[in-house]
Each structure stands twice: as structure tokens, then as C-alpha cells.
Amino acid sequence: MDHYDSQQTNDYMQPEEDWDRDLLLDPAWEKQQRKTFTAWCNSHLRKAGTQIENIEEDFRDGLKLMLLLEVISGERLAKPERGKMRVHKISNVNKALDFIASKGVKLVSIGAEEIVDGNVKMTLGMIWTIILRFAIQDISVEETSAKEGLLLWCQRKTAPYKNVNIQNFHISWKDGLGFCALIHRHRPELIDYGKLRKDDPLTNLNTAFDVAEKYLDIPKMLDAEDIVGTARPDEKAIMTYVSSFYHAFSGAQKAETAANRICKVLAVNQENEQLMEDYEKLASDLLEWIRRTIPWLENRAPENTMHAMQQKLEDFRDYRRLHKPPKVQEKCQLEINFNTLQTKLRLSNRPAFMPSEGRMVSDINNAWGCLEQAEKGYEEWLLNEIRRLERLDHLAEKFRQKASIHEAWTDGKEAMLRQKDYETATLSEIKALLKKHEAFESDLAAHQDRVEQIAAIAQELNELDYYDSPSVNARCQKICDQWDNLGALTQKRREALERTEKLLETIDQLYLEYAKRAAPFNNWMEGAMEDLQDTFIVHTIEEIQGLTTAHEQFKATLPDADKERLAILGIHNEVSKIVQTYHVNMAGTNPYTTITPQEINGKWDHVRQLVPRRDQALTEEHARQQHNERLRKQFGAQANVIGPWIQTKMEEIGRISIEMHGTLEDQLNHLRQYEKSIVNYKPKIDQLEGDHQLIQEALIFDNKHTNYTMEHIRVGWEQLLTTIARTINEVENQILTRDAKGISQEQMNEFRASFNHFDRDHSGTLGPEEFKACLISLGYDIGNDPQKKTGMMDTDDFRACLISMGYNMGEAEFARIMSIVDPNRLGVVTFQAFIDFMSRETADTDTADQVMASFKILAGDKFPLPVGFAEGNRGLKRSREE
């Protein structure tokens, strides 16, 4: 053991030999260390009736340095030199340094001459070494020591506090909440932690320092401005200050023990049988309801319309809102009845109740788990199906629009390509026809993308199992066949025109230029009209803002497009002028394109009309998304309050069930009042349900303002109601036990204290590490581990508990006792089983002979005893003796 301590000390102190003196060059850190180390030294020197003012000056003669070491170590140092000469001062400082070295601390580069000369860095380094050795090194928390132990202690104590995350000894303490949390954890009456704000570090730090100085006898070692005004406070100063809190609080906590009085329950056979019948009936009804409900929830038959799927979703909401809550109450009541029945049977020495096959509580819980799993899957399927149908409707409408536009464009194209007008045309007309055909091919190529889009949309509709896929596929196939035919006809006409091209010599360049510019401009207008009439589906503000931005960018291109339109019309006007001037026999038509100025103007006017309609649609959708966002925020604000409230109530109920203050009746009244306060909170849950329904009706599928879903809140609320009901039932059973057994208060206190001593984490079992603590109580030196209380003991824990209370038994005797307290051979001992065993060992239990004698006295030999009563009591006697 000594070797271990020595090795641990050397391992920890070795890094400190190279402590970073260069850091002290930072004036802010040096100031913090001066102030902290001076206050720390004075907190010890005042015990000797003195103090220091200037840390590098007052230790120069070595006298106060030796006095400081004597105070903090409790040992006497060698007699100091009283002379004023330098040699006397060096001698005194060397005596102090030798004493520090004798404690296993290696002093590197710190000499007596530097201290006597008032070297600030060396003096601060020496004081830090003393603080490490006498204030921090001996700190031990969960097998960690010194700095790591102190940090772990801080983390354990501040873990329950919001906005506190201790990871180091510098920036983690800047906001002051860490100091306030340490004080509030041990002395909650000194600080109102709920009023502290993370954004007000000066107030937090001043509050902690003032309270520590006034009530905890911890001197003020730093000013709040020193910490807040530094980007990274000095680690050594913070560690020194925090170690003072550790030493002030480390021995203050004591384990609370609760005295619980437990007695036995007097039950009547008829009443027990009625409880059994009630349990069987309730279990059968509940299992039958679950059996009928699960197939409905597992039905995944899809619907073809959005209305049908929304009706299914509404039916599911009715199930959640109307049909399931009563069954939750029935399940809770079933568990309560089962626990009450088992307690009554056990206290009356009757065999435990075994429900019919398939009706155990575990069977019901398994069936309930399957029900909730089916619920979750059904809800996810409903939402996915609604999204799928929504997507299908959008794609189908998009397919119809693109197909209609394409069919309108292809109307008459085949007849045009089959014309043989080139056979009787003049040379100029032939050349015009060739150019017209080239323009058509350009237009045809431009429409290739739309045909591919139509085919892609049809393919996606098939993949998503669209109900009207046959008609979509037929229309798509017709468009593709027509497109292939157009391509073949186009190629055939080109070949015919090229054969006669040698006969053509002239062409009207203005017509060609018009056709080349009109075609893409016409395509642009058609694309613009298509985009402006395209439907859109968005779910967030950001998505509608993106569409609005794209629309504004499109409107910015309209002036340039209008210039192009005027230029194209100018070309047409120039052609007309040439025809009139030179009397060209062109009949006023353009042989290269079918796009007329009237069409361009008409489509342009249509585009201009569609722009404000698009503006209005985007504005309306933006307003709808803003409304949805308000619904998200409203739900998130309430859920973020209700969720933590439920968690807090669950934790408070757990603490109440363990602490057991006052009598059982007081505790029962307290729990019933607590239950009433929980039930009174139900309107807020209902209000949240209403907000959730509005969100679902608005088809809002996500909410970034909260991590809580309505399902989380429902499950938490149901668990809260179940937990408070179960806890009340347990206390009622304990009252029944107490009234039946007649055990005294002192005995019950002893039983509870003994059980709690080995049950340290309130979970119902003890692991190997907790078992070590049990062995230590028996005299073994194994070392202490973190202690928790769980409410149950395993086999070895229970045996050690019995031995500590005076029982001396062998393996056979212990096996007999374990068969009583652990009939199911689970390897653990519950508190109820422990009390039943101890009450049978200590209470004045009526024997069979005593009961027989009592009946004879009351009957006066006038009435015979009930048939089978004597035989039953003889069996009870034999069971007792065994």
C-alpha cells in the first residue's frame, strides 16, 4: 500500500517539475496568481495570528514561509534563524525547501537565493508547489487523485445544473455558474440558482465569492473582473480557489436514511379469489382488444387518392385520442391489482397467484409492446403514403401539361412533312422550302428535351405505382411513336429536298434570319409559359423564398426578351418592305417558319399576363408557409416546457419513493396530493394535442423548433401516470404489511438501515464493485467505490446483510433462506422479500396451535370447528417448522 501511494505521488508530481514558468510572463495571469496565492496563504497564516501583504517580499526572510508550512502540515520545522543578514534568510528558506522536499516533492530550478532576492516567478512557483502538495495532491475521487480527482469532483457536483459544463480549470469557470453550482449543491439556502444568468458572469462570480467568504469561511482569492477580463483565466489560480471549496464541502454530506415501518396484510380468501377473477377477466379483455387491434394497424393496403389516405389518418388519430387511453388505464389497473393480490397472498402465507397461460403480466407487456410497435409502423406508413400520393398527383399533372404542350406542337407536323410541294415549286420556292425544313429540324431538336422529360415522368409514375399508369403509359407510347415517325419523315423530306437542291440558287436571307431567331424565341416563350403555369409544392419558408428568387430573376430577363421580340418583328417588317419594293411573289408568307408575328405577339402578351398570376400564387404560398411556421413555433414552445416537466416529475417521484420521510400515511397523502397536481396538468397536454392536430391537418412533417414529438409527450405522460399510481400502490401495500405484522418502529428502522447500507444505487441489485463495499463492512480492506441505492440485493449482498445483523449460517442454511426470499431463483433479493423474511423472523406470528386454542375458547366446546380447518392448520404448522 505504501509503495502504491509513493508511486502515485511520484507519477503526479513529475509533470509539475516542468511547470511552465513562461506563462507567468502574462501580466494578467501573474496578477491572478499573486492575488490567489496571497489569499490562500493568509487563509492558513491567520490561524497563527499573522498574514502577508506582498508575496515576494514577505517570504524573503523565510520566517513566514516556515510558519506557513507548519500550519498546513501540522508538523514542527527546525528552529529558524532570527538574524537579519542574508545568510540567515537563506538558511531559513533552505529549511523550508528541505521540508517540502521531504514530502516527496522535487523542486526544480527553485533555490533559496531566488526566494531571498524576491524573484516573483520563483516565489509563485514555490507557493504553487506547496498548494499542489498540501491542498490538491491528497484529493481522491473514484480512483482518481489530485487535479483529475478535483476535476471529477467538480463535474459530479455540477452535473445536474443547466449551463454548467466543467471540462477544465480555466474557461469553464469564467461565467461564474460553476462556483454558484458548487455552493448551491451543498448549501442551497445560500444561493437562488434559478435567478442566475449565464450572460451576467460578473454578478455570478461576485455572488459566489461573497457567499463563500461570508458563510463558508473561504477568503476571496480573486476579483470577478480578473476572471471575466481575461480570455483564459489562470489555471493554477482557479485550481487553488476550487480546492478551497472542495475542502469546505468534502466532509459535509452524509447519507440519508429513511425509517420505514412495514407490516403484513390481512387478506380474506374470498377477496383474493375475487381479485383473481377480476385479473383474469381484465387480462382477457385487454389481450382480446390488442389481438383485434394489431391486424388493423398492420394493414398496409394502399389507397389511390389523397382523400382516402387522409381518412385513414383521421381514423388513426381517433384511435390514439379515443380508443387507446382507456386501455392504457386498464393496463395500469391490471398491474396494480396483480401487485396487490400477490402482496396479500404472500402476507397470508398463500401460494403466489399464477394467472392462466398467456395472461401473465409479462405476456400483457409483450402484447402491448407489439401493439405500440405496430402503431409506430402504421403511422410511419400513413405519412409515407400521403407523401407518395402527393408526389404522384404533382407528377401526373406535370405529365399532362407537358404532353398537352407537345401534342399541340406536333399537331399537323406529319401532314406538313408529307407534302410534296417541292415538285411543282420554282427554284426560289425550293430553296425556301429547304431553309424552312432546316428551321423545322432546329425546332424539332429543341423539342427533344421535352419528349425525354415526358418519358422520364412516365417512368417515375410507374416506379411509384401510380394507379392510372396504363393510361399514362399509352399516352407516353403514342408520343414516342409519333416522335420517331416525325424523325423518320423529317429525314425523308430532307433527302428529297437535297436531291432538288442543285436546282435551287437563291434564298431570301431575311426570311432565314427571321426563322432562326423566331424559333428559339418562340421556344423560350413556350418554356416561360410552361414554367409560369407549372405547379409547385413546398414545405418550408426557405423553399418558397427560393422559388420567389428564381421568379424575380426571370422577370429581370423580360426587358432583354422584349428587345429580341422587337428585333424579330423588325426583320419581318423588313421582309414586307422588300416584297412591296421589289414585287417579290412571296404571297406574304415566310417559307422557313410557321411562326408568325401575330403568334409571337400573342405568346408574348400571354407571358406578360402569366407573370402577375405567378406573383400572386407565390405570395399566397408564402403566407401559408408563414402560418405553418407559426404553428411549428407554437407547438415547439409548449413541447419544450411539457417534456422537461414530465421528466422532472418522474425524477421527483423516484426520490419520494426512496427517501420515505415521515409515516407511511404521510407519504401516502403526499403522493396522492402529488397525483392530483399531475392530473391537474392534463389540460396543458390536451392543449398540446390540439396544436399537434393543427400541425398534422396542415401536413407539416417536421419541426426544427423542438426535439419532442407528440408521441414522446404521450409516452412520457402515460409513464408518469403509471409511475405515480404504482408508487401509491406500493405504499398502500406497505401499510397493509405494517398493520398485519405488528413490528415496532425500532425494528423497522433497523431493517431499513441494514438494507439501505448494502443497496447503494436504488436500482434493486448490487454488482461486484458494490459488493466490495459490503465486504468492507465485514472487515475486509478492499477500497470504496461510488455508492448507489437501488432497492434490491443480489444473493451475496443479502447473505452479508444477514451476517452483519447477527445471523451465523452455513451454505445449507443460506440456501434455505434464499429459497424463501428468492423463490424464482433470479439471484436478487427485493426489499419486500427482505422485509417479509425479517418480519417472520422477529414478529409474534400466530402458530397453528394458538389459532386452534383461540377458536376453542370462543366456541366454548359448543360448536365444532369447520371441516378441514384443523388439517389445514396442521399443514401450516408443518410448513412453518420446515
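Remark: the backbone N or O of I724 is not paired with any side-chain donor or acceptor of E675 at under 3.5 angstrom. In this structure, H186 contributes its side chain and L182 its backbone to a donor-acceptor pair below 3.5 Å. With hydrogens and angles ignored, the 3.5 Å screen pairs no side-chain donor or acceptor of Y681 with any backbone N or O of I646. When atom types are taken as modelled, the side chain of R632 and the backbone of D702 share a donor-acceptor pair closer than 3.5 angstrom. Between the side chain of N729 and the backbone N or O of A725 there is no donor-acceptor pair closer than 3.5 Å. Looking only at distances, a side-chain donor or acceptor of N204 sits under 3.5 Å from a matching main-chain atom of D175. Side-chain atoms of S172 come within 3.5 Å of backbone atoms of Q167 as a donor-acceptor pair (strictly under, hydrogens ignored). A donor-acceptor contact shorter than 3.5 Å links the side chain of D363 to the backbone of M360.
Dense packing is recorded around CG of N365, with more than 12 heavy atoms of other residues, nucleotides or ligands lying under 6.0 Å away. Atom CD of E372 has more than 12 heavy atoms from other residues, nucleotides or ligands within 6.0 Å. Under a cut-off of 6.0 angstrom, the local environment of OH in Y215 is sparse, with at most 12 non-hydrogen atoms contributed by other residues, nucleotides or ligands.
Counted by atom type alone, R317 and Q696 present one or more donor-acceptor pairs between their side chains at under 3.5 Å. The closest side-chain donor-acceptor pair between N640 and Q638, if any, does not fall under 3.5 angstrom. With no hydrogens or angles considered, a side-chain donor-acceptor pair links H712 and T709 at under 3.5 Å. For H551 and D615, the side-chain atoms include at least one donor-acceptor pair closer than 3.5 Å. In the model, Q616 has a side-chain atom that pairs as donor or acceptor with a side-chain atom of E620 under 3.5 Å. No donor-acceptor contact under 3.5 angstrom links the side chains of Q673 and N669, judged on distance only.
Of all heavy-atom pairs between G178 and I166, the closest is CA-CD1, 4.2 Å. Heavy-atom minimum distance, A181 versus T158: CB-CG2, 3.8 Å. The two residues L631 and L694 come nearest to each other via the heavy atoms CD1-O, 4.1 Å. Annotation for P201 and K174: closest pair CB-O, 3.5 Å, computed over non-hydrogen atoms. Smallest separation of non-hydrogen atoms from Y708 and A639: CD1-O, 3.6 Å. Pairing each heavy atom of A283 with each of L334, the nearest pair is N-CD1, 3.7 Å.
Ion pair E651/K649 not flagged as a salt bridge, since none of the NZ, NE, NH1 or NH2 atoms sits closer than 4.0 Å to an Asp/Glu carboxylate oxygen. Salt bridge status for E330 with K327: present, with a side-chain N to carboxylate O gap under 4.0 Å. Ion pairing between a basic and an acidic side chain is recognised when a charged N comes within 4.0 Å of a carboxylate O; K331 and E335 show such pairing. Between D285 and K281 a salt bridge is recorded (basic side-chain N to carboxylate O distance below 4.0 Å). One finds a salt bridge joining R714 and E689 here, because a Lys/Arg side-chain nitrogen approaches an Asp/Glu carboxylate oxygen to under 4.0 Å.
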**Item:** Pair F338-L282, side chain to side chain contact (heavy atoms under 4.5 Å, CB included): steps then yes or no
**Value:** CA-CA 11 Å; F338 181 84; L282 193 58; over 6 Å; no

**Residue pair E697, Q693: steps toward the side chain to side chain donor-acceptor pair (under 3.5 Å) verdict** = CA-CA 6 Å; E697 290 173 352; Q693 182 175 356; 3.1 Å; yes

**Asked** Can you check side chain to side chain contact (heavy atoms under 4.5 Å, CB included) on K162 and K198, steps first, answer last?
**Response** CA-CA 10 Å; K162 65 179 181 179; K198 187 176 181 63; over 6 Å; no

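How far NZ of K682 is from CG of L721: 8.5 Å, rounded to the nearest 0.5 Å. Taken from CG in N703 to CG in N628, the straight-line distance is 10.5 Å, to the nearest 0.5 Å.
Ring pair F249/F245 is tilted by interplanar angle, where 30° to 60° counts as tilted. Aromatic ring pairs are classed by plane angle as parallel below 30°, tilted from 30° to 60° and perpendicular above 60°; the pair H184 and Y193 is tilted.
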